[in-house]
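Notes follow the structure.
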Amino acid sequence: MNGETLLKVDNLKKYYADGAVKALDDVSSEIKRGEAVVVVGPSGSGKSTFLRCLNLLEMPTEGHIYFNGVDIMDKEADINIHRQKMGMVFQHFNLFPHMTVLNNMTLGPIKLLKMSKEEAEANAMKLLARVGLEDRANEYPSKLSGGQKQRVAIVRALCMNPEVMLFDEPTSALDPEMVGEVLDVMKELAREGMTMVVVTHEMGFAKEVASRVVFMDRGKIMEQGSPAEVFGNPRSERLKSFLAKVL
Amino acid sequence: MKEWLNELAAEFKLNFIDDDRWELIVEGLKNTIIITFFALLIGVAIGVVISLIRSTYDNNKEDYKRKGGVGYVIMSILNGICNIYLTIIRGTPVVVQLLIMYFVVFATSRNGLMVAIICFGINSGAYVAEIFRSGIMSIDKGQFEAGRSLGFNYIQTMIYIIIPQMFKVVLPTLCNEFIVLLKETSVAGYVGIRDLTKAGDLIRGRTFSAFMPLIAVALIYLVIVMILTWLLRRLERRLRKSER
């Protein structure tokens, strides 16, 4: 299974204001099973737009996205089915405030995967224990710290048993002392072989975890390669100046 | 002082005890509550449907246009109908609507109570719809995205995630609409329905004493509104507890 193409992006374009703003300007890429792709770049470079296009939270203007070989931008494709297999973690957690942590996690499995309540809860508790939050299962999200919220958001996505996890700046809204606990969970996920696409400003994480680093600027993929190549031997001037600022 | 009290007692007897006139008040109160309650049910039902159509259309306009076809046409027509409904209902006085309902639309029906329920229900539906819609709009977009990213479709996301949160946000405004509706039903007398206000007015007409029956009616409205306000506060406090 590992190594086969899971996500394929062909000539993806996302224009705003009738083409005056090119958030994504002809991006093509391929993400293989088991890969941990980390997307970096200056703000406004289109990296978040790229990620959000992968599960069509943003509708690309042009291009194709193949997930497991199926063109999900096709009019006939049922995006809801595909999204069940693509977990997403947001910058602002987006936990459901009117539900307990446990209900946040079991809503999807019960309603969409038609799991029994017992099974979904047992599964959720197992995942909560893995991120050390089993004692918070019956709390409401507002009682949790930012780091705890994000860990819950990650396991909420994992409850759906996804084939790929998309992370949209998962640590950007966190207090510095909470960044570590979230990154640790993500590192563990990567080690277990979860396919991940991560948009982040955490260069340390990128160096340590990424199987591939993608540098984006002005809506284009400027450079990509192993962390050693991208961080150790940047070719373009833009990447050099970007790295000089963030490292 | 004693003389004044005696006079008051005599007035009270004349207006409420003689000829069992208090029964008019009780009957009126009953009708007022019936009209308000059922009109509210109709109003909330209409409100949910209209607010869903309108916010669905607003949120998915791009998507519908892209996919085109029947879905887009149906949604555009539904949205148009909703807008016409809102404009007409909010643009005309409720008394006029009631008169039209009673003497034109349901001209053959002599069931005033039913006509009033339908009329006030349709009227309140327009206001409730806008309350719900603003409630839906006030929910963070991230909630919506989180629901969709799990794989819920638009309707499921609305039902499981957005509407429960929306209800909490709009509850105070919704209860306020309920209170407004209760007081608005006082114009039902225009088409001969014996609601609370009409009952007070009937007594006034028979006893030629205005003070007692009208103040009594006012007090009854006031007490009901105060009870509703008190219940609302308790409800709000309980809802808030679940989040903190």
Side-chain angles (χ1 to χ4, degrees), chain A residues 51-52 54-61 73-100 103-113 138-143 149 152-153 156-162 165-168 173, chain B residues 56-75 132 135-172 174 235-244:
Chain A
L51 190 81
R52 290 163 55 84
L54 291 180
N55 66 353
L56 300 192
L57 280 186
E58 296 292 342
M59 186 51 73
T61 316
M73 280 181 66
D74 191 89
K75 277 183 194 175
E76 302 302 316
D78 184 357
I79 184 59
N80 299 314
I81 299 289
H82 299 293
R83 280 189 184 135
Q84 291 177 15
K85 297 274 153 219
M86 305 165 132
M88 184 152 196
V89 176
F90 300 87
Q91 183 177 357
H92 295 286
F93 332 125
N94 297 349
L95 295 178
F96 307 134
H98 61 301
M99 294 179 190
T100 61
N103 288 342
N104 259 279
M105 296 175 66
T106 56
L107 182 71
I110 291 174
K111 304 287 183 193
L112 293 169
L113 305 181
N138 293 313
E139 301 272 19
Y140 283 88
S142 54
K143 283 260 177 78
K149 280 182 195 166
V152 171
R156 177 177 71 179
L158 288 177
C159 276
M160 294 295 289
N161 210 2
M165 287 283 286
L166 312 174
F167 292 86
D168 189 4
Chain B
T56 302
Y57 182 79
D58 286 348
N59 284 341
N60 298 328
K61 225 184 289 178
E62 304 277 302
D63 212 33
Y64 284 128
K65 265 186 201 156
R66 190 178 64 89
K67 288 195 174 170
V70 192
Y72 179 58
V73 176
I74 291 176
M75 280 312 290
F132 283 170
I136 290 171
M137 309 266 266
S138 76
I139 305 296
D140 179 28
K141 217 172 143 244
Q143 290 294 312
F144 199 81
E145 291 183 344
R148 295 306 301 269
S149 77
L150 281 172
F152 287 109
N153 64 30
Y154 181 84
I155 299 289
Q156 289 170 323
T157 307
M158 278 291 171
I159 292 173
Y160 298 130
I161 295 154
I162 306 298
I163 292 181
Q165 295 185 56
M166 176 275 281
F167 258 105
K168 260 182 221 184
V169 175
V170 303
L171 199 70
L174 189 64
L235 190 61
E236 267 184 76
R237 219 174 300 144
R238 266 186 58 185
L239 285 177
R240 214 168 290 146
K241 225 191 243 162
S242 71
E243 276 182 29
R244 280 183 198 151

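Keep in mind it's a predicted model, so treat the numbers as computed, not measured. All heavy atoms count here, side chains included; hydrogens, waters and symmetry mates do not. Chain letters run A, B, ... following the sequence lines, proteins first and then strands; every chain starts at 1.
Between A:Met73 and A:Leu56 the shortest heavy-atom distance is CG-CD2, 3.9 Å. Here the closest heavy-atom approach between residue A:Ala157 and residue A:Pro162 is recorded as O-CD, 3.4 Å.
The residue among A:Leu107, A:Asn80, A:Val89 with the most heavy atom pairs within less than 4.5 Å of chain B is A:Asn80. Contact count versus chain A (heavy atoms, under 4.5 Å) is highest, among B:Pro164, B:Gly142, B:Gly151, for B:Gly151. Note: A:Arg156 leads A:His92, A:Arg156, A:Gln91 in heavy-atom pairs under 4.5 Å with chain B. Of the residues considered (A:Ile81, A:Asn94, A:Thr100, A:Leu166), A:Asn94 shows the highest number of contacts with chain B, using heavy-atom pairs under 4.5 Å.
Of the two parts of A:Leu57, only the side chain, counted from C-beta on, holds a non-hydrogen atom closer than 4.5 Å to a non-hydrogen atom of chain B. Residue contact with chain A, scored on non-hydrogen atoms closer than 4.5 Å, involves the side chain of B:Asp140 exclusively. Heavy atoms of A:Phe90 lying under 4.5 Å from chain B belong exclusively to its side chain. Within the 4.5 angstrom heavy-atom criterion, only backbone atoms of A:Leu95 (N, CA, C, O) approach chain B. Heavy atoms closer than 4.5 Å to chain B are found in the side chain of A:Met160, but not in its backbone.
In this structure, B:Phe152 and B:Ile159 have side chains that are not in contact, with every pair of non-hydrogen atoms separated by 4.5 Å or more. At least one side-chain heavy atom of A:Asn104 sits less than 4.5 Å from a side-chain heavy atom of A:Pro141. Side-chain contact between B:Leu150 and A:Met88 is absent, with no heavy atoms from C-beta onward closer than 4.5 Å.
Distance CG/A:Asp78 to CD/A:Gln84: 8.5 Å, rounded to 0.5 Å.
Under a 3.5 Å cut-off, the side chain of A:Asn55 and the backbone N or O of A:Arg83 do not form any donor-acceptor pair.
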